[in-house]
Amino acid sequence: MSSQQAPDKQVPQQTVEAAAELLRQGRLVAFPTETVYGLGADASSEAALKRLYQVKGRPTDHPVIVHLADVSELSKWARTVPEAALSLARAFWPGPMTLILPRADHVLPQVTGGQDSVGLRIPSHPLARRLIETFGGGVAAPSANRFGRLSPTTAAAVAESLGDDVDMILDGGPCSVGIESTIISLLGEQPVVLRPGMLQVKDIESVLGCKVTLGPAKAQAEEVSAEVRVPGALPSHYAPHTSTAVTDAETLIELFAEGMAIGRSQGVLAFAPTIETMKTNFGSRFYTAMATEAFITAPADADEYARKLYDSLRQLDSLALHKILVEAVPQGAEWDGVRDRLARASAGH
Ligand code: TXA
Ligand code: MG
């Protein structure tokens, strides 16, 4: 997958106008953001939101993020905009960050999941920005996959996942970030990161000049009916169909050897040194056991890893293997978002 986004100009304005018109009619338009593709609906239309939940197959009490074109729109959707929100907006918007703020009165319960807060984001992908600006309102958009499955990072993955249920797909090339936005709640006294992403806690802290906690995503997962609902915090969210295990290199090699001994088909996503070790250990048996496409060398760089993560899992998942073995990622904070998604991908397997 290339890290380049297709030039924005490739999609003619006429197409963007048509997409905005569909949104106005209450229809669904999938569009690229820098994180993952979103399934967009008019955030002010009950009928559009109803359809959105149906197509997602998502429980209706789960909130969706409203995508905006400009910071000046914040006060239309949030009843208070704290100074911290403006500082973060200046630093990281447009970009892969979602802020949870107290909702304005008109915000529909279908958007907030019945809560008193709303998630807001200004994406940076040029095509997303053109769509939202042309539409002229807030665009509610969860990731453009069925509930609980891998998020799409290409237009092809959206089409495969949603088929005819989506009225239009805008193709903006592969997503440059690759995992969902960092979600920051500004509801309490201290900012809390509810979902880690590629925007890191230390960067948020340096803008706000205060301590920011990395939220209890696991704890929330265990109390999904609790006050703040984050479906992304369900343990098995973002899961491939194939049984997936995340382990250290040594265990991965052991498990692979065990599987190979009994003729099981296995997929591997591991760092280069681990793959080299496997080649040395297993020699020619390794090459006959593994189809090359079932074997992905993971990038050593966290940004590049994130960019390719869902596509790699999707590729391995499509092979109907017995098991997918993923090498655990390093401990550093730059891996927080990736580690979180891998934990969810392997939960429940
Ligand atoms: O990068 C992204 O955030 C992508 C792109 C399309 O923008 N969107 C995305 O949406 O990941 P979705 O619906 O798959 O995940 C949105 C997350 C959910 O976990 C949801 O619970 C949380 O945002 N969320 C939205 N509003 C919230 C609120 N008021 N309070 C707490 N969590 C909220
Ligand atoms: Mg999602």
Side-chain angles (χ1 to χ4, degrees), residues 29-41 43 49 52-53 55-68 77-79 92-104 107-125 127-129 131-132 138-153 157-158 161-162 170 172 175-188 192-199 215 217 220-221 224 226-234 236-239 306 310 337 340-341 344-345:
V29 175
F31 64 98
T33 81
E34 66 281 14
T35 58
V36 300
Y37 274 71
L39 180 60
L49 292 164
L52 180 68
Y53 277 94
V55 168
K56 267 295 276 189
R58 180 180 190 162
T60 46
D61 60 351
H62 287 292
V64 286
I65 296 168
V66 179
H67 296 69
L68 305 173
W77 294 86
R79 76 173 168 271
F92 304 120
W93 273 343
M97 172 181 78
T98 296
L99 295 180
I100 308 294
L101 297 172
R103 69 172 178 92
V107 184
L108 294 168
Q110 290 86 342
V111 166
T112 65
Q115 303 180 81
D116 196 33
S117 59
V118 62
L120 301 169
R121 173 158 121 80
I122 301 180
S124 66
H125 193 294
L127 195 45
R129 297 180 59 72
L131 176 67
I132 301 163
V139 178
S143 50
N145 53 288
R146 309 273 182 201
F147 185 61
R149 304 255 63 101
L150 296 168
S151 297
T153 51
V158 177
S161 171
L162 299 180
L170 290 174
C175 302
S176 62
V177 175
I179 64 171
E180 301 82 350
S181 60
T182 301
I183 301 182
I184 309 165
S185 168
L186 294 177
L187 299 177
V192 181
V193 171
L194 297 178
R195 179 176 70 184
M198 296 315 282
L199 172 61
Q220 274 168 13
V224 277
E227 212 174 309
V228 176
R229 280 173 291 257
V230 184
L234 289 168
S236 69
H237 212 65
Y238 316 116
Y310 286 135
D340 171 82
R341 303 311 187 277
R344 297 176 202 298

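Everything numeric in this text was worked out from a predicted model, so none of it was measured. Remember, it's 1-based here, ligands and their atoms both numbered in the order they're listed.
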Going by atom types only, do [X] and [Y] share a side-chain donor-acceptor pair under 3.5 Å?
| X | Y | result |
| --- | --- | --- |
| S151 | E180 | yes |
| S181 | T98 | yes |
| T33 | R121 | yes |

Shortest non-hydrogen contact from [X] to [Y]?
| X | Y | value |
| --- | --- | --- |
| A78 | L120 | CB-CD1, 4.2 Å |
| Y310 | L150 | CD2-CD2, 3.8 Å |
| S143 | V36 | CB-CG2, 3.8 Å |
| P142 | R58 | CB-NH1, 2.9 Å |

Which ligand 1 atoms, with their elements, are less than 4.0 angstrom from a heavy-atom of [X]?
| X | result |
| --- | --- |
| S181 | 1 (O), 2 (C), 3 (O) |
| V118 | 29 (N) |
| I183 | 17 (C), 22 (C), 23 (O) |
| G119 | 26 (N), 29 (N) |
| G38 | 6 (C) |
| A141 | 6 (C), 8 (N), 10 (O) |

(message) If I take atom CD from residue Q115 and atom NE2 from residue H62, how far apart are they, to the nearest 0.5 angstrom?
(response)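 Those atoms lie 10.0 Å apart.
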(message) Can you tell me how far apart OG1 (T182) and CG (D340) are? Round to the nearest 0.5 Å.
(response)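 So the OG1 of T182 and the CG of D340 are separated by 10.0 Å.
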(request) Quick one: look at H62 and ligand 1, take heavy-atom pairs under 4.0 Å, and tell me if it's side chain, backbone, both or neither. (result)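 Contact part for H62 vs ligand 1: neither.
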N or O contact, [X] vs ligand 1, cut-off under 3.5 Å:
| X | answer |
| --- | --- |
| H67 | yes |
| Y37 | no |
| K56 | no |
| T35 | yes |
| S117 | yes |

Shortest reach to [atom] by a heavy atom, considering only [options]:
| atom | options | value |
| --- | --- | --- |
| atom 14 (O) of ligand 1 | P63, P96, C175, S143 | S143 |
| atom 28 (C) of ligand 1 | L99, I65, I100 | I100 |
| atom 12 (P) of ligand 1 | P142, S151, G113, G40 | P142 |

(message) Looking at the Mg ion (ligand 2), is there an N, O or S atom belonging to S151 that lies under 2.8 Å away from it?
(response)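 Checking the Mg ion (ligand 2) against S151, no N, O or S atom falls under 2.8 Å.
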Sub-4.0 Å heavy-atom contact, [X] with ligand 1:
| X | value |
| --- | --- |
| R195 | yes |
| R58 | yes |
| T112 | no |

(request) Please tell me if the side chains of R146 and K56 come closer than 4.5 Å, counting only heavy atoms from C-beta onward. (result)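 No, too far: nothing below the 4.5 Å cut-off.
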(message) Which residue is it: L99, V66, I100, V64? I am looking for the one with a side-chain contact (heavy atoms from CB on, under 4.5 Å) to V118.
(response)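 For V118, the side-chain contact (heavy atoms from CB on, under 4.5 Å) test succeeds with only one of L99, V66, I100, V64, which is V66.
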(request) Apply side-chain contact (heavy atoms from CB on, under 4.5 Å) to the pair I184 and R195, showing each step before the final yes or no. (result) CA-CA 7 Å; I184 309 165; R195 179 176 70 184; over 6 Å; no
